[in-house]
Amino acid sequence: MSKIGQSNIIGTVILITVVLIISAVFLVYAMGNFNRAAASAALAQVESFLTNVADDVEASMYVPGTVLVYPTPSTGYGAFNLIGKYCNYTIGSYGNFTSGAIVYGIPPNLLSYPMKFINVIRGGYSSGLPSATVDNPIVNNSAAPLISIVQFGYGKVLGVNYGTYLVVFPRVMIVNNPPSAYIYVPVFSTVVNTASGSRATLIINVTSVKSTVISLPSGSSVKVSGVCGGLSGLVTVNNLNSISIIIINMTVTFR
């Protein structure tokens with residue numbers, strides 16, 4: 001009888017152990033799903049926030065002295081940062097310009113997309129037509145958005161691996177009015193606050209708008225090219241006598 005009793009006790013202990021292991025596995029799985037859902041919701045929240053920022057920047061970037069201040073969303077699942085020299089633009093042989101960008105990334109253990117994933121939230125073709133998978137750093141349509149927001153998949157930014165990340169960067173716009181063309185170049189000068197690692201407030205300051213008129217031989221062509229991260233674009237403007245290059249300088253920082 002004692003042996004039967006011992007067998008029953010051992011069987012009960014084994015059963016309880018199995019149940020506890022299954023419960024622990026289920027809990028880990030459930031927490032993983034919860035974290036992924038929360039990280040996805042945080043990404044959507046930041047996407048909406050950055051879209052509002054981009055709208056405001058475009059509405060006010062032609063007014064020097066404008067200062068835009070935004071409390072950043074406290075998501076707890078990702079981090080904001082600044083990238084210097086994210087974009088490189090060339091206007092024929094008449095000028096080379098670089099611009100920084102704003103980035104928000106989520107760690108791979110919380111949310112991860114394939115490496116070649118792309119989702120164009122704000123931007124599109126150079127013609128101004130919207131696209132979810134194509135973005136061009138050069139725009140030849142004055143009605144198209146100048147400030148792009150693009151979501152990328154798994155990648156490394158500033159030495160940090162992200163499962164997915166958002167990048168906000170300015171595009172160059174060409175307004176062609178033969179025999180003249182106006183080329184607008186918004187520039188983000190990113191300033192990293194080394195005194196504090198805080199990212200609680202985003203500040204964008206329109207410091208200056210400068211215009212330069214360049215006379216050209218009659219019937220000239222000018223190539224405008226740009227590279228922003230892994231994106232590139234090229235537009236050729238023909239039958240020109242002059243171009244006006246308008247540089248819109250903005251400082252971007254967190255505090």
### Task
Using ring pair (Phe, Tyr, Trp, His ring centres under 6.0 Å) as the criterion, list what pairs up with Tyr113, not counting sequence neighbours.
Phe117
### Task
Identify the heavy atoms of Thr190 and Gly84 that sit nearest to each other, and give their distance.
OG1-CA, 3.6 Å
### Query
Atom CG in Leu43, atom CD1 in Ile106: separation rounded to 0.5 Å?
4.5 Å
### Query
Taking side chain as C-beta onward, heavy atoms only, is Ile102 less than 4.5 Å from Val167?
no
### Task
For residues Ser218 and Asn241, report the shortest heavy-atom separation together with the two atoms involved.
CA-OD1, 3.1 Å
### Query
Do Asn96 and Thr90 meet the criterion of a side-chain donor-acceptor pair at a distance under 3.5 Å?
yes
### Query
About how many Å separate OG of Ser211 and CD1 of Ile246, when rounded to the nearest 0.5 Å?
4.5 Å
### Query
Can you list the other members of the hydrophobic cluster that holds Ile203, where links are side-chain heavy atoms under 4.5 angstrom apart?
Val67, Val69
### Task
Report whether Val57 and Leu166 are members of the same hydrophobic cluster (ILVMFWY, side-chain heavy atoms less than 4.5 Å apart, transitive linking).
yes
### Residues that Phe169 engages under ring pair (Phe, Tyr, Trp, His ring centres under 6.0 Å), provided they are two or more places apart
Tyr86
### Task
Quick one: list whatever passes side chain to side chain donor-acceptor pair (under 3.5 Å) with Asn205, sequence neighbours left out.
none
### Phe254 backbone acceptor or donor facing Thr201 side chain under 3.5 Å
no
### Query
Other than Leu129, what residues sit in its cluster of Ile, Leu, Val, Met, Phe, Trp and Tyr side chains whose heavy atoms are under 4.5 Å apart, directly or through others?
Tyr125, Val134
### Query
Which atoms form the tightest heavy-atom contact between Val120 and Gly124, and what is the distance?
CG1-N, 3.8 Å
### Under the side chain to side chain donor-acceptor pair (under 3.5 Å) test, residues paired with Ser127 that sit two or more places apart
none
### Query
With the 4.5 Å side-chain cut-off for hydrophobic clustering, are Phe188 and Leu82 part of the same group?
yes
### Query
Do any pairs count as a salt bridge (charged side-chain N to carboxylate O under 4.0 Å, His left out) and have a residue in residues 126-136, sequence neighbours left out, and if so which ones?
Asp135-Arg171
### Query
With a 4.5 Å heavy-atom cut-off, do Arg199 and Asn81 have their side chains touching?
yes
## Note on the structure
For Tyr104, the ring pair (Phe, Tyr, Trp, His ring centres under 6.0 Å) test, sequence neighbours excluded, returns Phe80
#### Entry: Ile204 reachable from Leu50 in the ILVMFWY side-chain graph, under 4.5 Å edges
yes
### Task
Say whether, by atom type as modelled, one donor and one acceptor occur between the side chain of Ser148 and the main chain of Gly123 under 3.5 angstrom.
no
### Query
Mind checking what makes side chain to side chain donor-acceptor pair (under 3.5 Å) contact with Asn177, not counting sequence neighbours?
none
### Message
Check whether Gln151 reaches the backbone of Thr164 with its side chain - one donor and one acceptor, N or O, closer than 3.5 Å.
### Response
no
### Task
Share the residues that join Val172 in a hydrophobic cluster, the rule being Ile, Leu, Val, Met, Phe, Trp or Tyr side chains under 4.5 Å apart at the heavy-atom level.
Tyr89, Ile91, Tyr94, Phe97, Ile138, Ile174, Ile183, Val185, Val187, Ile214, Leu216, Val222, Val224, Val235, Val237, Leu240, Ile243, Ile245, Ile247
### From Ser99 atom OG to Asn249 atom CG, the distance as rounded to the nearest 0.5 Å
9.5 Å
## Note on the structure
Taken in chain and number order and not counting sequence neighbours, the residues that satisfy ring pair (Phe, Tyr, Trp, His ring centres under 6.0 Å) with Phe152 are Tyr165
### Query
Where the side chain of Thr66 meets the backbone of Val206, is there a donor-acceptor pair that is under 3.5 Å apart?
no
### Task
Look up atom CD in Glu58 and atom OG in Ser60, then write down how far apart they are to the nearest 0.5 Å.
9.5 Å
### Query
With side chains defined as the heavy atoms from C-beta onward, is the minimum distance between Ile121 and Thr51 less than 4.5 Å?
yes
### Query
Met173 versus Val175: any side-chain heavy-atom pair under 4.5 Å?
yes
### Same apolar cluster: Val150 and Tyr162, side chain cutoff 4.5 Å
yes
## Note on the structure
OG (Ser189) and NZ (Lys85) are apart, to the nearest 0.5 Å, by 11.0 Å
#### Entry: Gap separating the OG atom of Ser40 from the CD atom of Gln45, nearest 0.5 angstrom
12.0 Å
### Task
Would you please name every residue forming a side chain to side chain donor-acceptor pair (under 3.5 Å) with Asp55, sequence neighbours left out?
Arg122
### Query
Does any non-hydrogen side-chain atom of Tyr184 lie less than 4.5 Å from one of Val139?
no
#### Entry: Min side-chain heavy-atom separation Ile118-Leu231 under 4.5 Å
yes
### Query
Are Val103 and Leu110 co-members of a hydrophobic cluster defined by side-chain heavy atoms under 4.5 Å apart?
no
### Query
Does the side chain of Pro170 reach to within under 4.5 Å of the side chain of Leu146, using non-hydrogen atoms?
no
### Message
Quick check: do Asn176 and Asn140 have side-chain heavy atoms less than 4.5 Å from each other?
### Response
no
### Query
Hey, mind stepping through Tyr70 and Asp56 against side-chain hydrogen bond (donor to acceptor under 3.5 Å, both in side chains) and telling me if it holds?
CA-CA 11 Å; Tyr70 304 91; Asp56 290 347; 2.7 Å; yes
